[in-house]
Structures are given as structure tokens and as C-alpha cells.
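In what follows, chains carry the letters A, B, and so on, assigned in the order in which the sequence lines appear, proteins first and then strands, with residues in each chain numbered from 1. Predicted model, so just to flag it, every value in this text is computed and none were measured.
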There are 2 protein chains.
Amino acid sequence: MNGQFSETLKGLKLKATPKRLAILRLLSQESTYVSPEEIWQRLRGRFGAIGLPTVYRNLEELAAGGVITKVIHPNRQLYYFLCSNRHHHHHFICVACRRVEDVDVCALNDLEREVDAKIGGRVLSHIVQVNGLCRSCAVAAAGSGEKQ
Amino acid sequence: MNGQFSETLKGLKLKATPKRLAILRLLSQESTYVSPEEIWQRLRGRFGAIGLPTVYRNLEELAAGGVITKVIHPNRQLYYFLCSNRHHHHHFICVACRRVEDVDVCALNDLEREVDAKIGGRVLSHIVQVNGLCRSCAVAAAGSGEKQ
DNA sequence: TCTTAAATGAAAATCGTTTCTCTTTAGAAG
DNA sequence: CTTCTAAAGAGAAACGATTTTCATTTAAGA
């Protein structure tokens with residue numbers, strides 16, 4: 001299970017250091033996005049220490065390599081999660097439980113084409129983030145207070 | 001032309017102060033997104049002074065009211081621009097000239113429906129940002145060096 | 001006009017993120 | 001199994017955008 005990550009890192013020409021592997025492992029065990037700070041908190045016990053800058057640096061590198069995805073947060077604060085598909089970074093985020101699910105919406109290809117036609121220029125990239133309640137949270141919400 | 005904005009502000013229960021109006025006017029004259037800092041720089045001459053916090057505060061309030069839109073910037077720094085449609089915040093941004101154009105893509109309604117079905121929960125909102133080159137910049141790019 | 005809640009400015013605080021510099025280490029080479 | 005070197009890490013300090021505090025001013029309804 002670790003070799004898999006080492007392999008990934010080798011592909012990115014990144015050394016397979018214990019901390020880097022730990023970050024990857026942690027993210028792989030999460031079904032939600034995690035902040036650099038959070039990762040740091042959780043990992044500092046396991047090693048003599050891990051520096052916050054190290055966490056940031058690694059996340060940045062991994063994100064650049066497409067192994068993890070940066071969540072778009074309206075204001076500041078970045079969040080990351082392991083992404084299954086290196087080229088389709090569209091995700092559904094439950095605002096209640098923060099679970100992240102990949103969204104492989106075909107409509108997006110149409111979207112690019114459509115925007116392309118409408119603008120008459122060239123579409124280079126797009127970012128899509130869908131926020132909402134996942135099934136279980138929606139059910140839970142409906143069960144209790146149901147806010148309008 | 002000013003009364004229009006006063007009206008808008010009244011609807012949001014915000015006082016029509018000179019600075020607030022100036023911010024709105026400035027944004028209305030821009031066809032691109034502008035940073036709080038930039039707005040501040042451009043406005044400080046016209047008044048005895050305008051504080052950066054004031055700019056931030058106002059932008060936040062106006063964005064909350066749906067009069068302006070916050071651009072999703074991967075990392076830090078927020079940008080705003082006046083939006084024509086209070087409920088459709090989808091925009092095309094030219095990475096070259098920073099011009100912003102509204103994208104009223106119908107596919108997005110399908111998108112919501114589709115994600116809704118796929119997730120089985122409830123979609124509350126979504127953010128879409130399309131980056132690329134607008135027509136004129138695309139032409140210009142093609143005319144000169146054409147990068148890849 | 002009067003009154004009051006809202007708005008503002010200036011300075012200081014916050015806080016996420018990055019940079020610097022020196023030390024340690026992964027991993028290719030021998 | 002050592003050696004060597006570029007990459008990686010720690011810790012502290014720097015950065016810089018955004019926010020808070022609080023005393024002062026002002027819009028706008030009474």
C-alpha cells in the first residue's frame with residue numbers, strides 16, 4: 001500500500017520521504033478535504049516533528065503533480081484531497097459533512113464548447129465546484145429541523 | 001445614473017454613502033474584475049481619503065447582496081466586478097486582458113440536475129469559472145507568437 | 001432640525017502562507 | 001555497504017492580504 005505511493009512519487013521525480021508518504025497516506029484515508037493546518041496537527045505526533053512549511057510545500061508539489069486537488073474556497077484557506085482522476089477536477093462538496101465526491105459530469109465538455117462558441121475566443125480551463133448536501137446529510141436535515 | 005445605484009442600495013438596506021456609490025460607479029465603469037487594493041488606490045484621490053477597510057467592508061456587503069461578484073482566485077486575493085444577473089454568477093475571464101463576460105450557459109441547469117441525481121442529495125450552489133482568451137486576445141495571440 | 005443606527009478611518013491585530021538559512025537525508029553511484 | 005550530492009526538512013522570521021477595534025462622523029427617517 002505504501003509502494004503504490006512511492007511509485008506515484010517516483011513518477012513526479014519527488015523523493016519518497018517519510019513525511020511526504022505520510023501526507024499522502026493521510027489524504028488517502030480521508031474521504032473529505034483537509035486543510036494544511038489540519039494535516040500538520042495530525043502528523044506532528046507521529047514524527048519528532050513536522051514543520052508547517054513542509055506540509056505546505058508538499059501539498060503544493062503534489063497538487064502541481066495532479067495527485068491531489070486544491071479545493072476552491074471563496075476566501076482564504078486552501079484545502080486538499082486526493083483525487084482519483086488526474087484530469088477531471090470537478091467535485092461535489094457536502095457543506096455539512098465536508099465529504100468530497102468526484103463529479104464526472106459530461107455536461108462540462110458541452111460547457112466548454114458552448115462557452116467557446118459564445119465567447120468566440122479560446123477556453124483554456126475551467127473550475128467547477130458544486131456545494132450542497134450529500135445524500136445522508138440531506139436525509140438527516142430533512143429528518144430534523146428542515147431549514148426552509 | 002446615480003439614482004439607479006441609490007435605488008439598488010436602498011433595496012439592500014444600505015445607506016447610500018458617497019464612498020459606497022463611488023465603489024459601485026467605479027465597478028460599473030469597468031469591464032473587468034478589480035481588486036480591493038486597486039479600488040482603494042483609484043478612489044483615495046477623489047475623497048479626502050478612503051480607508052482600505054471601508055473598501056473591503058463595502059465589497060463584502062455588496063457581494064452579499066448579489067450586486068457584485070467575487071472572482072474565484074485559486075490562492076489568495078479577492079476580486080470583484082459588477083454583475084448583471086444577480087442569480088447567475090458564471091463568468092468567462094480572459095487571462096490576457098482580464099475582461100469578464102457573463103456566461104449564461106443553460107447547460108448549468110442541467111449540471112445541477114445531473115449532479116443532484118448523481119449525488120442523491122441536494123445541490124445548494126455551484127461556482128463556475130471559465131478561464132481563457134477572449135476573441136480579440138485569441139486573435140492577437142494567433143497573430144503573433146502562438147504559444148503551442 | 002434632531003436623533004440614532006449605520007458607516008468610516010487609522011492603527012493594530014490576525015493569520016494563512018512563504019521565505020531564509022542551516023542541517024538532514026534519500027537514493028544513485030561506486 | 002559506504003559516499004556523495006541534490007533534494008527535503010526544521011524553525012524562525014517575514015509577508016501581506018484581510019479583519020477587528022474603537023472613537024468619530026454621517027445618512028436619513030422622525
One would report the end-axis bend of the helix from dT1(C)-dA30(D) to dG30(C)-dC1(D), five pairs per end and rounded to 10 degrees, as 40°
To the nearest 0.5 Å, atom OG of Ser6(B) lies from atom CG of Leu14(B) at 11.5 Å
Can you confirm whether Val67(A) sits close enough to Leu9(A) that some side-chain heavy atom of one is under 4.5 Å from a side-chain heavy atom of the other? no
A side-chain contact here means heavy atoms from C-beta on lying under 4.5 Å apart; do Ile68(A) and Leu27(A) qualify? yes
Among dT8(C), dT17(C), dG9(D), which nucleotide sits nearest the side chain of Leu52(A)? dT17(C)
When rounded to whole Å, the CZ to P distance for the pair Arg44(B) and dT8(C) reads 16 Å
When rounded to whole Å, the CG to P distance for the pair Leu24(A) and dA8(D) reads 13 Å
Checking Arg20(A) side chain against Asn58(A) main chain: does a donor-acceptor pair fall under 3.5 Å? no
Could you grab the distance from atom OG1 of Thr8(B) to atom CG of Leu24(B), nearest 0.5 Å is fine? 7.0 Å
Between CG of Leu62(A) and C1' of dA8(D) the distance, given in whole Å, is 13 Å
Starting from C1' on dG9(D), measure out to CG on Leu43(A) and report it in whole angstrom. 13 Å
Does a side-chain N or O of Lys13(A) approach OP1 or OP2 of dA7(D) to a distance below 4.0 Å, or not? no
Cut-off 3.5 Å, side chains only: do Arg57(B) and Thr54(B) have a donor facing an acceptor? yes
Taking the cut-offs as 6.0 angstrom to the six-membered ring centre and 45 degrees off its axis, would you call Arg44(A) and Trp40(A) a cation-pi pair? yes
Are the charged groups of Arg42(A) and Glu30(A) less than 4.0 angstrom apart, N to O? yes
Arg20(A) CZ - dT25(C) C1' separation (whole Å): 12 Å
DNA chain C: Pro53(B) or Pro53(A), which has the more 5' nearest nucleotide? Pro53(B)
Whole-Å distance separating the CD atom of Glu60(A) from the P atom of dT18(C): 6 Å
Has the side chain of Lys19(A) got a donor or acceptor atom that lies under 3.5 Å from a matching backbone atom of Ala49(A)? yes
Rounded to whole angstroms, how far apart are CD on Glu61(B) and P on dT19(D)? 12 Å
Base, backbone or nothing for each nucleotide of nucleotides 22-30 of chain D, written B, S, -, heavy atoms under 4.0 angstrom, 5' to 3'? ----BBS--
What is the distance from OH of Tyr56(A) to P of dT17(C), rounded to the nearest Å? 3 Å
